[in-house]
Colleague: 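So that we are looking at the same thing, I have put the structure below in structure tokens.
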Amino acid sequence: MNIGMIGLGRMGANMAQRLLRGGHQIVGFDPQAAARKALEDKGAGSAPSLADLVAALPAPRTLWLMVPAGAPTDASLDTLLPLLGEGDTVIDGGNSFYKDTLRRAQRFGERGIAYIDCGTSGGIWGLDEGYSLMIGGDAAAVERLRPVFETLAPASDQGWSRVGPVGAGHFTKMVHNGIEYGLMQAYAEGFSILKHKTEFELDLHRIAEVWRHGSVVRSWLLDLTADALKKNPEMAGIAPYVPDSGEGRWTVDEAIELNVPTPVIAQSLIERLRSRDKESFADKLLSSMRNEFGGHPIARE
Ligand SMILES: O=C(O)[C@H](O)[C@@H](O)[C@H](O)[C@H](O)COP(=O)(O)O
């Protein structure tokens, strides 16, 4: 199929490349000339603007966005909307909030443009291993894109599905990432306990390898944890600061809205926030309160 790929960062460039390998025709757009050139070197076409990209595609056009969630996605869509027409399809493969997706789908739907949300997991490994695709949107529009999804998904062809109407893809990806937060936190805490049992001189990488083979807690995240422990057993040079891109907090917000108790996911999000608070005012105040009511000593800086 002919696909216009918008956003040629780590994800978009690799997905374009996987589609090329699968025999699709790709034209890419990215504001960075170097990113466009890198894709051209792989055998794709490129366009210096969204208008040129749209003009380069045969109608009905298929445009795949891999742009950071939020304002950058809205900016791309605002530019695209007047350039597209009835029968065209837009797929947002980024980590957009599903309520933004519902709003955007409405706008595009009013112009007869199919809007599909595709939660995309797999990170930098997806190029060779394939991506897990959680797709929302009109069933016929999704079916038309079957060859694209089959190419992007792992060879097993089990890694993609239309999970529901528009919005359902990003909603599913949001929950996937909430689970990711909880799993990551559990591994990190477990290895931290092992690390603190200094008298046993435990080799954390070795233990990760043992767990990877046959244990109940084996997983791809554990495979990656083992790699990280092998490369840098002491986590030297790494600041204890964990960013987040929004999916975890949206999961928790949604759980609250639905009255679903999610203590593990919620706490793993809070731990990320805590990792950034090196000068915790709350902890200083706690220590002061203990001193006020009990005369307990305060540890001074
Ligand atoms: O499934 C995936 O491939 C990942 O989840 C991917 O989407 C990305 O690495 C996270 O969005 C990072 O999320 P945080 O920045 O919130 O940790």
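These figures come from a predicted structure and were not determined experimentally. In listed order, ligands and their atoms are each counted from 1.
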Colleague: Under a strict 4.0 Å criterion on non-hydrogen atoms, which protein residues are in contact with ligand 1?
Modeller: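 Those residues closer than 4.0 Å to ligand 1 by some heavy atom are Asn95, Ser121, Gly122, Gly123, Lys173, His176, Asn177, Glu180, Tyr181, Asp244, Ser245, Arg272.
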Colleague: Quick one: name the residues clustered hydrophobically with Val242, using the 4.5 Å side-chain heavy-atom rule over I, L, V, M, F, W, Y, and just say none if it's on its own.
Modeller: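 Taking Ile, Leu, Val, Met, Phe, Trp and Tyr as members, Val242 stands alone, with no cluster partners.
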Colleague: Between Asp30 and Arg36, does any NZ, NE, NH1 or NH2 come within less than 4.0 Å of an OD or OE carboxylate oxygen?
Modeller: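 Here Arg36 does not pair with Asp30 in a salt bridge, since their nearest N and O are not under 4.0 Å apart.
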Colleague: Salt bridge between Arg276 and Glu271, side-chain N to carboxylate O under 4.0 Å?
Modeller: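 No, this pair does not count.
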Colleague: Taking the inter-plane angle between the rings of Phe108 and Tyr115 on a 0 to 90° scale, is it parallel (under 30°), tilted (30 to 60°) or perpendicular (over 60°)?
Modeller: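 Taking Tyr115 first and then Phe108, their aromatic rings sit tilted (interplane angle of 30° to 60°).
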Colleague: Between Tyr187 and Phe191, how do the two ring planes meet: parallel, tilted or perpendicular, split at 30° and 60°?
Modeller: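 Rings of Tyr187 and Phe191: tilted, as their planes differ by 30° to 60°.
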Colleague: If we only count heavy atoms from C-beta on, is the Gln185 to Ile265 side-chain gap below 4.5 Å?
Modeller: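 Result no, sub-4.5 Å side-chain heavy-atom pair not found.
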